[in-house]
Amino acid sequence: MSQIQLLPAVEKFLSQPGRLFIGGTWQDAAGGRRFAVENPASESSVAEVAEGDERDVDAAVAAARAAFTGPWAQHSPAQRGLLLFRLAELLDQHREELAQLITLENGKPIANARGEAASAANIIRYFAGWPTKIEGSTHPVSPASGAPMLNYTVREPVGVCALIVPWNFPLTMCVWKLGPVLATGCVAVLKPAEQTPLVAIRLVQLIEAAGFPAGVVNLVTGLGAHTGAPLAGHADVDKIAFTGSTQVGRLIAQAATGNMKKVSLELGGKSPNIILPDADIVRAAKGAADGIFYNQGQVCTAGSRLYVHASVLDQVLEELQRHAAAHVLGPGLDPANSMGPLVSARQLGSVRGYLQRGQEEGAELICGGDRPAHLERGHFIQPSVFLDRAERACVAREEIFGPVLTVMSWTEVDELVLRANDSPYGLAAGLWTRDLRSAHRVAAQLKAGSVWINCWNVVDPASPFGGYKQSGWGREMSKNVIDAYTETKSVFVDLA
Ligand code: ADP
């Protein structure tokens, strides 16, 4: 097969430089600078985008504040819901455009990008139902004076939210945060990753077309140090929601203390996936392979540590090699390819470094290990599997963010649970078994925000998502995220 034809709308979009969106106006960066967006499959530039700096961040925050206290506050919950439903319709109508932009800048196979675009509409539709259901409560208080007292709570929007997102799911990460912002009546300054600003720009164009008032959503594209950092430290930002590396998450948390912003963080992981001896081994091995190879392994919830019961180790290793070999690597725009490139040269360098260090530190390379020889250009890496009996190599302990699986074996379940939990991270965990009792017993002991039993990477807007330990603060999606974007006001009324 060959690469799909880009839609005329996508060609046109790419021919114009991407601009900032501040207070309802598309504009160049104050400093006039731009940066190039690379197609990681071809290593060529696909578009140019405005490179914002502190001045643009200031303007965007001011525009957001003006919208928050002005026109947006006049919108009823039902009106906010209607606008979100309209946005979901537009996301559906422009699904293929969004998918092509995702593949162009991120590299993932077009089928996966189409899935991401389709799910974006569903996520926004889920949040469209929320504005009319954000309720307070009444409380049976007992004042010492004995005076009759009414006490009730109301939930109010937090205010100006800085949304800093990564490149691995460039559309999903935006809508996970914009959904609750718009449902609760907050306003946003969105800062996409420098590797993947294009789909964010198209999304904001659709937000504008849906009819949200000027200033409700502002977009500042640019580099982490020059746009993300001033946004994280800005004195008039009320909340920051960040998804990315634990290293940058730490900087964000520190920057937020200046004015005590509310902070939610979705960070890294090194998630344990466990195969019990009674599992459907064929299904478990396929789940384990998908759990690490999906999205080229660039997933915070990647099942990167696989604990296999010693009695089925050989069979699982064989299956894993089969799945790795079945992947067809190549540009994501060719539907025949099931695995695209990593997002950047830097990411490729980092993953190759781990592949080398893993072997030096005693892990046995079962398959993969380097770039595919037949692809000269692009940041491609083979799906790779290590066996690390000692469980001491860096590949068994550190987040790699690439298609690299490290397999360990186990024999005794209590010890296994200790090993699975022995990580600074706690984002996800999974297990494969046919036994209901083992499933729930082990699930109860795993220190992870998501536990998947006989499945992996299932996420749903109705279910909370987030991490224990150094994997983050707070939860995204579900009612939990509505709480995270609202303040609770407790009102006492003396009825005497
Ligand atoms: P990765 O290492 O996977 O590229 P990062 O955590 O560096 O992920 O980036 C996630 C997001 O954080 C991106 O939008 C990036 O521009 C932004 N970012 C990077 N450094 C900073 C910083 N110092 N302050 C605020 N945002 C930053």
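One-based numbering along the sequence shown. On a predicted model such as this, the values are computed, not experimentally measured, just so you know. As the structure lists them, so they are numbered: ligands from 1, and atoms in each ligand from 1.
- At the top of the distance list for atom 1 (P) of ligand 1, counting protein heavy atoms only, stands Trp167 NE1, 3.6 Å.
- A salt bridge links Glu476 and Lys177; the closest N-O separation between the charged side-chain nitrogens and carboxylate oxygens is under 4.0 Å.
- Residues Thr172 and Glu116 have side chains that bring a donor and an acceptor to within less than 3.5 angstrom of each other.
- With no hydrogens or angles considered, a side-chain donor-acceptor pair links Asp58 and His234 at under 3.5 Å.
- Separation of the Trp176 and Phe465 ring centroids falls under the 6.0 Å cut-off.
- Heavy-atom proximity to Ala229, at under 4.0 Å, picks out these atoms of ligand 1: 24 (N), 25 (C).
- The shortest N or O to N or O distance between Thr243 and ligand 1 is not below 3.5 Å.
- A donor atom on one side chain and an acceptor atom on the other are found under 3.5 Å apart for Glu208 and Trp26.
- Glu89 and Gln93 share no donor-acceptor pair across their side chains, judged by distance under 3.5 Å alone.
- Under 4.0 Å from ligand 1, not a single heavy atom of Phe401 appears.
- Heavy-atom proximity to Val165, at under 4.0 Å, picks out these atoms of ligand 1: 11 (C), 13 (C), 14 (O).
- Ile164 CG2, 3.7 Å is the protein heavy atom nearest to atom 17 (C) of ligand 1.
- Interface atoms of ligand 1 facing Gly244, defined by a heavy-atom separation under 4.0 Å, are 6 (O).
- The atoms of ligand 1 that sit less than 4.0 Å from any heavy atom of Ala193 are 13 (C), 14 (O).
- The nearest protein atom to atom 12 (O) of ligand 1, hydrogens excluded, is given as Phe242 CE1, 3.2 Å; this is a heavy-atom distance.
- Considering Ile400, Val343, Val351 in turn, Val343 is the only one that fulfils the side chain to side chain contact (heavy atoms under 4.5 Å, CB included) rule with Gln298.
- Side-chain contact of Asn39 with Ser44: a donor-acceptor pair under 3.5 Å is absent, judged by distance alone.
- Protein heavy atom nearest atom 15 (C) of ligand 1, with residue, atom name and distance: Glu194 OE1, 3.5 Å.
- At a 4.0 Å heavy-atom cut-off, ligand 1 touches Pro192 through the backbone alone.
- With distances taken over non-hydrogen atoms, the option nearest atom 6 (O) of ligand 1 out of Ser245, Pro197, Ser344 is Ser245.
- For atom 23 (N) of ligand 1, the closest non-hydrogen atom of the protein is Leu251 CD1, 3.7 Å.
- Salt bridge annotation for Asp388-Arg392: absent, with no cationic side-chain nitrogen under 4.0 angstrom from a carboxylate oxygen.
- Protein heavy atoms are absent from the space less than 4.0 angstrom from atom 9 (O) of ligand 1.
- Every atom of ligand 1 is numbered from 1 in the order shown, and the set under 4.0 Å from a heavy atom of Ile252 is 25 (C), 26 (N).
- Of the listed residues (Pro166, Pro230, Gly224, Gly249), the one carrying the non-hydrogen atom nearest atom 19 (C) of ligand 1 is Gly224.
- Within the listing of ligand 1, atoms 24 (N), 25 (C), 26 (N) sit less than 4.0 angstrom from a heavy atom of Gly228.
- Nearest protein neighbour of atom 21 (C) of ligand 1, counting heavy atoms only, is Val248 CG1, 3.5 Å.
- With a 4.0 Å cut-off on non-hydrogen atoms, Arg346 touches ligand 1 through its side chain and not its backbone.
- Under the 4.0 Å criterion applied to side-chain N and carboxylate O atoms, Glu398 and Lys270 are not assigned as salt-bridge partners.
- For the residue pair Glu38 / His379, a side-chain donor-acceptor distance below 3.5 Å is found, with atom types taken as modelled.
- Checking Ser264 against Lys239 by side-chain atom types alone, a donor-acceptor pair falls below 3.5 Å.
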